[in-house]
Amino acid sequence: MQNLASVYDPRATEKKIYKFWEENDCFKADAHSEAESFSIVIPPPNVTGILHMGHAIDNTLQDILIRYNRMLGKATLWLPGTDHAGIATQNIVEKNLRNENKTRYDLGHDKFLEIVWEWANARRSDILDQFKQLGVSFDWSRQRFTLDEGCSKSVKEVFVRLYEKGLIYKGAYIVNWCPRCTSAISDIETDYEEEEGHLWEISYPLENEMGAIIIATTRPETMYGDVAVAVHPDDPRYKHLLGKKVVLPLINKSIPIIADDAVERDFGTGALKITPAHDPNDYEIGKRHNLSPVWVIDNEGKMVTDDRVHSDVRGLDRYASREQTIGLLKLHGLLIRAKKHNHNVGHCQRCNTVVEPYLSEQWFVKMKPLVEKPIEAIEKGELIFVPDRWTKIYLDWMHNIRDWCISRQIWWGHQIPAYHCVECGEMIVAIDKPQCCSKCRSLNIQQETDVLDTWFSSALWPFSTMGWPDLDAPDFNKFYPTSVLVTAFDIIFFWVARMVVMGYEFTDQSPFKYVYIHGLIRDKDGKKMSKSFGNVMDPREIIETYGSDALRFTLTSLNTYGGQDIKLSDEKFEYGRNFANKLWNASRFVLMNLEGVDNEPINFNDLTIADRWILSQYNQMLQKVHKSIETFHIGEYAQIMYEFTWNIYCDWYIEIAKTQLSNDKRKINTQRVLKYVLDGILKTLHPVMPHITEEIWQLIPQDKSSVTLMLNKFPMPDESQIDKSVDVQMELVANLISSIRNIRQSLNIQHNQKLDVIIESYDPLEKTAFQASEKYIEILARANSVNISNDLTAETPPQCASAVVGTSKIIVPLGGLIDIDKEIQRQKTKLEKLEKEMKSLENRLNNQKFMSNAPDEIKHQTHIRVKEIKTQIETINDLISSLVG
RNA sequence: GGGCGCUUAGCUCAGUUGGUAGAGCGCUUCGCUUACACCGAAGAUGCCGGGAGUUCGAGUCUCUCAGCGCCCACCA
């Protein structure tokens, strides 16, 4: 037996163990296996990112499910990959270029993409490499990228099929436009924040007559694009003005006064300026009244440079233009007043720039018809959210679904597979570039320059990575649909819902049965971790300090079924680190005491009460573990392992085993039990703490059916070994030992002072338990002798401390050692508690309604407890009076 | 405006078929008992946010109020 360090050093083992798994090809999935399949695709991290705590918990939970199911013998696939992260990636590369004073236009389309590819490729392997430190059992051979060949093929296929079904269309609509990214973004990529602003009231003079109409707006700079002033049709203030015209100030353009129901009479002045090109509501109103939109702001958020706008604002940024316009209005006495006004302003999720509602030609997915099956999926039980409360969020979104703007005016991404004929303008949507125009036969054909929203390819991830559209692809056949999707709630709309939509449309089933939603990782004050706050925690640093297993174990324990957000601080990882160390040392003890042990199984005919108890506890632990993992109570699984390993196996069984190991007759079988249970702990704990369990398991001398723990069978509970009466008995023994220790502590009895223990027991179950445990009591409670009697006449010695366990009386004669007053006080405190409990129990039993309504089992339990307390109270009273006497 | 979550020991939080409250850390007191001081032993600590209701019985179910946090929608 080699000497093991007394403190576990994860740094020394984790890398070594991971390499060992890789060298033995342990992660590889077998698409041709006969076994039942279990598969997960990871939420592909953005190539722009680095590993953060969210990834750490997300992938730990997945790894637990994967490793558990792999050990159950299933054909298991965990597919890794990365996301090209369209706008995010392009933004970073453009920023780098800007440092060299260049723009993407300086480089041109192809050269720019070349640079992005280069950058993304470097980042791609880097980010996944970071995951290795977590110990993830990814099948690296199946690593994918949302922009790789296979994904591109799926994207084109999906696009064309949707287009042909009429579910993708192109048209001019108001979209959310980010002037910094110079691209459209989708509704859900727009985050609203309340901001302080003003409601400006501006006078629009009537044409050819005296008077004016006063409109209210938060965005005066858009007034140049006004095409009308709208009022409510029934508003008496304005009824007489309907059909008349006003002169748009500053540019002296004549526009009509129209009536529309959408106008709120109570808001502002009740008169609304209509700017169809730059406001979604105005666009709708404009459409109803056949008013042509006038663009006055360009794609970069600057005012146009021609006479559509006042000469003083041409080419100005929208905000500068606002200032300027206000100034001009003031100058002309047309600004009536400015009221402070808070309103919600949309921001680009990627760069936080205020988005511009912008009328432009975009591609959309018609969502309504696509969500029918995804909605039904819930009712049919084909899609299950865990925890359940996310179902409603998902359904609400599906029921209120709006069309999805999928085109982005950037270069990095899947170029839309649509082609237009330069000659005749014909649009052709096809997987491959057509030779010539299908209409005019012209050869002058150009592909759309827009690319797709990055989430479009993500939506196909579960099947695009498995070989679809080839329905015979082995992976697709074996591993699709996947078993479960594990993610945080922040991407339910972006990703989860859209995967379900695409899954049903193209494979006629949900891409996963379960969606397991966990909480978000926050800092110790509950704030979201973000680079700008400077409160991000780097998992790699935690791993360096505490170890990967400690990180995994801690995060898992903190994870609750309800998916509460997790507040983290560095110190919390001590929990996992300490536990790893405890496991290490318990194993060290066992390994040091295995000398002479054979590989024979436990002799079940020769077990002590403690042996039977640990086996009973062990198998109950297994039952709980299976149940908790299978029902996604994964935090509970970690806690069960902690409790069993530390508080049951270490605190009690190992301590008891020490007494058995020194008994030649008991030694061998005790070694077998120690080893058997340790082996079981290692296997059971492996999914959450893979490295340390593998490391220790390799050190255990035994016949090994596999070279690695991770490919072993996960232990199954053996109910025949569960013995509830042994559980009760050992609990009494443990209580007895604790009681004696309590006496020692509270009466200040020296540690090296051995005590005599007299047990007066009339209950056969209790008596057998104590008789079988004499040796344990001697060692663990430091007793000279243990006398068990049921001699009713046995007299309590004059000076003694005492306790009651179950219904048995424990007496510890102390001679001159005892402080009688202290002991009396100790007993009285106990008595008070018991009497309090007794009272409440008696109340219950005296309650007629309780007796007639409560189930028999509860009544029975109450009676038993009452009986027990009664005995205990009597005994304590006896003891007190003997002390006083 | 609509919806969701949280409020339990000093701190961070568990507690899904309603049976009389738990963990980790911290705290107090012992202890180098050769697996472990990243440890062992013994302890203390809670009108489970307020109120009402259902029930023999509520941290757990219903209603209501309050505080904190989040999501969705949106008024120019």
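Hydrogens, waters and symmetry mates play no part in the numbers below; they use all other heavy atoms, side chains included. In what follows, chains carry the letters A, B, and so on, assigned in the order in which the sequence lines appear, proteins first and then strands, with residues in each chain numbered from 1.
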Could you state the atom-to-atom distance from CG of A:Leu520 to C1' of B:rG69 in whole Å? 12 Å
Considering only atom P, compute the distance from B:rG51 to B:rG59 and round it to an integer number of Å. 13 Å
Euclidean distance for P, B:rG40 against B:rA23 (whole angstrom): 15 Å
Output the rounded distance in Å from CG (A:Asp525) to P (B:rG69). 13 Å
Within the structure shown, what part of the strands sits under 4.0 Å from A:Tyr8 by heavy-atom distance: base, sugar-phosphate, or nothing? nothing
Strictly below 4.0 Å: does A:Asn581 bring a side-chain N or O up to OP1 or OP2 of B:rC38? no
Regarding A:Trp646, tell me which of base, sugar-phosphate or nothing describes its non-hydrogen contacts under 4.0 Å with the strands shown. sugar-phosphate
Check this for me: does the side-chain of A:Glu655 come within 3.5 Å of the base of B:rA35 through a donor and an acceptor? yes
On RNA chain B, check which nucleotide each of A:Lys273 and A:Asp191 is closest to and give me the residue with the more 5' one. A:Asp191
A:Lys859 side-chain N/O to B:rG19 phosphate OP1/OP2 under 4.0 Å: no
Considering only B:rA14, B:rA42, B:rG19, which nucleotide approaches the side chain of A:Pro855 most closely? B:rG19
Between which residue ranges does RNA chain B form stems of three or more consecutive Watson-Crick or G-U wobble pairs, both distances under 3.5 Å? B:1-7 with B:66-72, B:10-13 with B:22-25, B:27-31 with B:39-43, B:49-53 with B:61-65
Determine yes or no for a side-chain-to-main-chain donor-acceptor pair under 3.5 angstrom, with A:Tyr238 supplying the side chain and A:Ala259 the backbone. no
Quick test: give all pairs of protein nitrogen or oxygen and nucleotides 73-75 of chain B nitrogen or oxygen below 3.5 Å, distance rounded to 0.1 Å.
from, atom 1, to, atom 2, distance (Å)
B:rA73, OP1, A:Arg402, NH2, 3.2
B:rC74, N3, A:Asn344, ND2, 2.6
B:rC74, N4, A:Asn344, ND2, 2.7
B:rC75, OP1, A:Asn281, OD1, 3.2
B:rC75, OP1, A:Asn281, ND2, 2.1

Would you mind reading off the distance between A:Glu194 atom CD and B:rC71 atom P, rounded to a whole angstrom? 14 Å
What does A:Val263 touch in the nucleic acid at a heavy-atom separation under 4.0 angstrom: a base, only the sugar-phosphate, or nothing? base
Please work out whether the ring planes of A:Tyr8 and A:Trp584 are parallel, tilted or perpendicular, with thresholds of 30° and 60°. tilted
Separation of atom CG in A:Leu591 from atom C1' in B:rC36, rounded to whole Å: 14 Å
Does a salt bridge link A:Asp187 with A:Arg402, judged by any charged N lying under 4.0 Å from a carboxylate O? yes
Sugar-phosphate, base or nothing in reach of A:Lys754, heavy atoms under 4.0 Å: nothing
Report yes if at least one side-chain N or O of A:Thr218 is closer than 4.0 Å to OP1 or OP2 of B:rA76; otherwise report no. no
Span that lies between the C1' atom of B:rC74 and that of B:rG57, in whole angstrom: 47 Å
Of the listed nucleotides B:rC72, B:rC13, B:rG5, the one nearest the side chain of A:Arg389: B:rG5
Could you check how far CG of A:Leu845 sits from C1' of B:rU20, rounded to whole Å? 14 Å
At 4.0 Å (heavy atoms only), tell me whether A:Lys524 reaches a base, stays on the sugar-phosphate, or touches nothing. nothing
For B:rG43 and A:Lys830 - does any side-chain N or O of the residue sit under 4.0 Å from the phosphate oxygens OP1/OP2? no
Selected nucleotide, minimal atom distance to A:Ser738 side chain, candidates B:rC39, B:rA42, B:rC56: B:rA42
So which nucleotide from B:rU12, B:rG19, B:rA42 ends up closest to the side chain of A:Asn742? B:rA42
Spacing between A:Arg577 atom CZ and B:rC38 atom P, to the nearest angstrom: 7 Å
Using atom P of each nucleotide, how far apart are B:rA14 and B:rG2 to the nearest Å? 29 Å
Determine, for A:Arg865 against A:Glu868, whether the closest basic-nitrogen to carboxylate-oxygen distance falls under 4.0 angstrom. yes
From CZ of A:Arg588 over to C1' of B:rC39, roughly how many Å is that when rounded to an integer? 12 Å
Hey, is the side chain of A:Lys567 poking within less than 4.0 Å of OP1 or OP2 on B:rC13, counting only N and O atoms? yes
Kindly give the heavy-atom pair with the smallest separation between A:Ser739 and A:Ala803, and that separation in Å. CB-CB, 3.8 Å
Run the salt-bridge test on A:Arg318 and A:Glu221 with the 4.0 Å N-O cut-off and return the result as yes or no. no
When you compare B:rA66 with B:rG50, how far apart are their C1' atoms, in angstrom units rounded to a whole number? 7 Å
For the pair A:Trp390 and A:Phe489, name the ring-plane relationship: parallel under 30°, tilted 30 to 60°, perpendicular over 60°. parallel
If we take the P atom in both B:rG49 and B:rG5, what is their distance in whole Å? 16 Å
Can you tell me whether the side chain of A:Arg844 and the base of B:rU20 have a donor-acceptor pair closer than 3.5 Å? yes
Give me the distance, rounded to whole Å, that separates B:rU20 from B:rG15 when you measure between the C1' atoms they each carry. 14 Å
Using whole Å, report how far CG of A:Asp651 lies from P of B:rA23. 13 Å
Enter the distance from A:Trp200:CH2 to A:Ile214:CD1 here, rounded to the nearest 0.5 Å. 15.5 Å
Using the C1' atom as the point on both nucleotides, what is the distance between B:rG18 and B:rG53, in whole Å? 15 Å
Taking OP1 and OP2 of B:rA35, is either one under 4.0 Å from a side-chain nitrogen or oxygen of A:Lys658? yes
Can we say A:Lys675 and A:Asp679 salt-bridge, meaning some charged N sits less than 4.0 Å from an Asp/Glu carboxylate O? no
A:Asp235/A:Arg265 salt bridge by N-O under 4.0 Å criterion: no
If you draw a 6.0 Å radius around CD in A:Glu595, do more than 12 non-hydrogen atoms from other residues or ligands fall strictly inside? no
Between A:Phe579 and A:Leu272, just flag the one whose closest nucleotide in RNA chain B comes earlier from the 5' side. A:Phe579
Once rounded to the nearest 0.5 Å, what's the spacing between atom OG1 of A:Thr487 and atom CD1 of A:Ile492? 8.0 Å
Candidate nucleotides B:rA44, B:rA35, B:rC56, ranked by approach to the side chain of A:Phe850 - the nearest: B:rC56
Which nucleotide in the list B:rC72, B:rA14, B:rG40 gets nearest to the side chain of A:Phe493? B:rC72
One character per nucleotide, please: for nucleotides 24-30 of chain B, 5' to 3', B when the base has a protein heavy atom closer than 4.0 Å, S when only the sugar-phosphate does, - otherwise. S----BS
Are A:Arg288 and A:Asp260 close enough for a salt bridge, meaning some N to O gap below 4.0 Å? yes
Salt-bridge contact A:Glu356-A:Arg219 (side-chain N to carboxylate O under 4.0 Å): yes
With rounding to the nearest 0.5 Å, note down the distance linking CG in A:Leu555 to CZ in A:Phe553. 11.5 Å
